[in-house]
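Read through the structure below, which is laid out as structure tokens, and then see the notes.
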Amino acid sequence: MDRVAIVTGASRGIGREIAKELAYKGIKVIANYNKSIEEAEKLKKELMQEGIEIDIFMADVSKREEGKSLVEFALKKYGKIDILINNAGISEYKLFTDETDEDWNRVINTNLYSAFMMCQEVIPNMVRNQSGCIVNISSIWGQVGSSLEVIYSVSKAGMDGLTKALAKELGPSNIRVNSIAPGIINTDMNKNLSKTDIERIEEDIPLGKIGLPKDIAKCVGWMVDEKYTTGQIIGINGGWCIN
Ligand code: NAP
């Protein structure tokens with residue numbers, strides 16, 4: 001039977017491209033969205049025109065009940081989940097001393113708790129099948145920290161910690177867990193950056209340009225097929241951060 005994948009936050013940007021990449025591989029994709037129903041429907045329609053069927057499912061993955069219903073939908077329809085891509089995320093740009101508890105809860109719940117919760121919901125099925133692949137979309141800022149994005153950086157560093165620890169716990173069950181840490185990727189998340197801001201950033205990137213959602217999606221496409229990589233944080237950033 002075809003493999004089954006859940007991609008969170010797949011209505012726009014990187015998640016949308018990941019959903020397409022996996023669908024083109026013949027994987028059954030459940031593309032999760034939260035607010036952007038029109039974009040999600042457009043994605044489904046676009047793929048339908050190419051003869052590919054995907055499911056779209058609304059859930060706010062910062063909430064356990066909604067994440068649970070997303071997983072239950074997948075299990076009811078396909079009976080298994082082979083791949084989980086924790087991509088849903090939001091950014092927050094503020095002086096640290098202006099950050100509130102509400103900001104902390106919103107960013108941590110959307111970016112980090114969602115990954116913790118979605119992993120908990122899918123892992124029992126993966127363990128039963130002795131097979132699984134989890135990819136967490138973290139960020140370069142989780143690796144090196146970003147001024148004015150402290151909570152965001154914490155959430156992504158936490159995601160990388162989740163990746164490393166879970167990879168050790170789940171390796172014996174043949175479940176691989178990895179992070180992809182993008183640099184700057186051309187999506188709505190960066191629409192606050194001016195053309196000059198982008199040009200300045202590009203001067204510091206060895207490959208001389210910011211990335212595209214496809215750059216991340218291609219790496220996910222590779223990760224779901226290979227069999228011997230786990231617990232790794234793969235930086236896709238044009239050489240902006242080289243450890
Ligand atoms: P984006 O264009 O703003 O898209 C964000 C996606 O996440 C949307 O599909 C949105 O869905 C979804 N989402 C947000 N909150 C959600 C929630 N509570 N439940 C379900 N879905 C939710 O952002 P992007 O650039 O593609 O970012 C995708 C991931 O890559 C994020 O985790 C981000 O932190 C990470 N990343 C991005 C960059 C970058 O430069 N773009 C760099 C490093 C890491 P709706 O619109 O339907 O609400």
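Read the numbers this way: they start at 1 and go in the same order the structure lists the ligands and their atoms.
- N136 and T163 share a side-chain donor-acceptor pair at under 3.5 Å.
- In terms of N/O distances under 3.5 Å, ligand 1 is approached by I185.
- Counting atoms of ligand 1 from 1 in the listed order, those under 4.0 Å from a heavy atom of N190 are 39 (C), 40 (O), 41 (N).
- A donor-acceptor pair shorter than 3.5 Å can be found between the side chains of D160 and S179.
- Contacts classified as salt bridge (charged side-chain N to carboxylate O under 4.0 Å, His left out) and involving residues 114-125 (residues at least two apart or in different chains) are given here: R64-E121, K68-E121.
- Ionic pairing of R16 and E39 is not present here: no N-O contact between side-chain nitrogen and carboxylate oxygen is shorter than 4.0 angstrom.
- Distances below 4.0 Å separate heavy atoms of I184 from the following atoms of ligand 1: 40 (O).
- The residues E92 and R106 are annotated as salt-bridged, a charged nitrogen and a carboxylate oxygen being separated by less than 4.0 angstrom.
- For atom 44 (C) of ligand 1, the candidate residues are S138, S62, S146; the nearest heavy-atom contact is made by S138.
- With distances taken over non-hydrogen atoms, the option nearest atom 14 (C) of ligand 1 out of G9, G13, G89 is G89.
- Counting only heavy atoms of the protein, atom 3 (O) of ligand 1 lies nearest to R12 NH1, 3.4 Å.
- Under the 4.0 Å criterion applied to side-chain N and carboxylate O atoms, K80 and D82 are assigned as salt-bridge partners.
- The closest non-hydrogen atom to atom 29 (C) of ligand 1, taken over I85, L70, N87, comes from N87.
- Near K156, the atoms of ligand 1 lying under 4.0 angstrom from a non-hydrogen atom of the residue are 31 (C), 32 (O), 33 (C), 34 (O).
- Residue-ligand proximity, Y152 to ligand 1, at heavy-atom distances under 4.0 Å covers atoms 33 (C), 34 (O), 35 (C), 36 (N), 43 (C), 44 (C).
- The side chain of N32, and not its backbone, has at least one atom closer than 4.0 Å to an atom of ligand 1 (non-hydrogen atoms only; side chain from C-beta on).
- The V61 neighbourhood of ligand 1 comprises atoms 17 (C), 18 (N), 19 (N), 20 (C), with distances under 4.0 Å to a heavy atom of that residue.
- Checked for salt-bridge contact, K218 and E17 miss the test: no charged N lies under 4.0 Å from a carboxylate O.
- Checking S62 against N109 by side-chain atom types alone, no donor-acceptor pair falls below 3.5 Å.
- Using a 4.0 Å cut-off between heavy atoms, W141 makes no contact with ligand 1 at all.
- Atoms CD1 and CE, on I137 and M159 in that order, are 7.5 Å from each other to the nearest 0.5 Å.
- Distance from atom 48 (O) of ligand 1 to its nearest protein heavy atom, with residue and atom name: K35 N, 2.9 Å.
- Neither the backbone nor the side chain of I140 comes within contact range of ligand 1; no heavy atom lies under 4.0 Å.
- Residue contacts with ligand 1 for E39 are absent, since no atom lies close enough (heavy atoms, distance under 4.0 Å).
- Proximity of T187 to ligand 1, defined as any heavy-atom pair under 4.0 Å, is confined to the side chain (atoms from C-beta onward).
- With ligand atoms numbered from 1 in the order given, ligand 1 contributes 2 (O) to contacts under 4.0 Å with heavy atoms of D188.
- Contact annotation: the side chain of I6 never approaches that of F57 to less than 4.5 Å [non-hydrogen atoms, C-beta and beyond].
- Comment: D225 engages R3 in a salt bridge, judged by a side-chain N to carboxylate O separation of less than 4.0 angstrom.
- Using a non-hydrogen distance threshold of 4.0 Å, I137 registers as a contact of ligand 1.
- Checking only distances, I90 never comes within under 3.5 Å of ligand 1, N or O to N or O.
- For the ligand labelled ligand 1, residue A59 lies inside the 4.0 Å heavy-atom shell.
- Residue contact check: Y33 has heavy atoms under 4.0 Å from atoms 47 (O) of ligand 1.
- Sorted by first and then second residue, the salt bridge (charged side-chain N to carboxylate O under 4.0 Å, His left out) pairs involving residues 163-177 (not counting sequence neighbours) are R176-E226.
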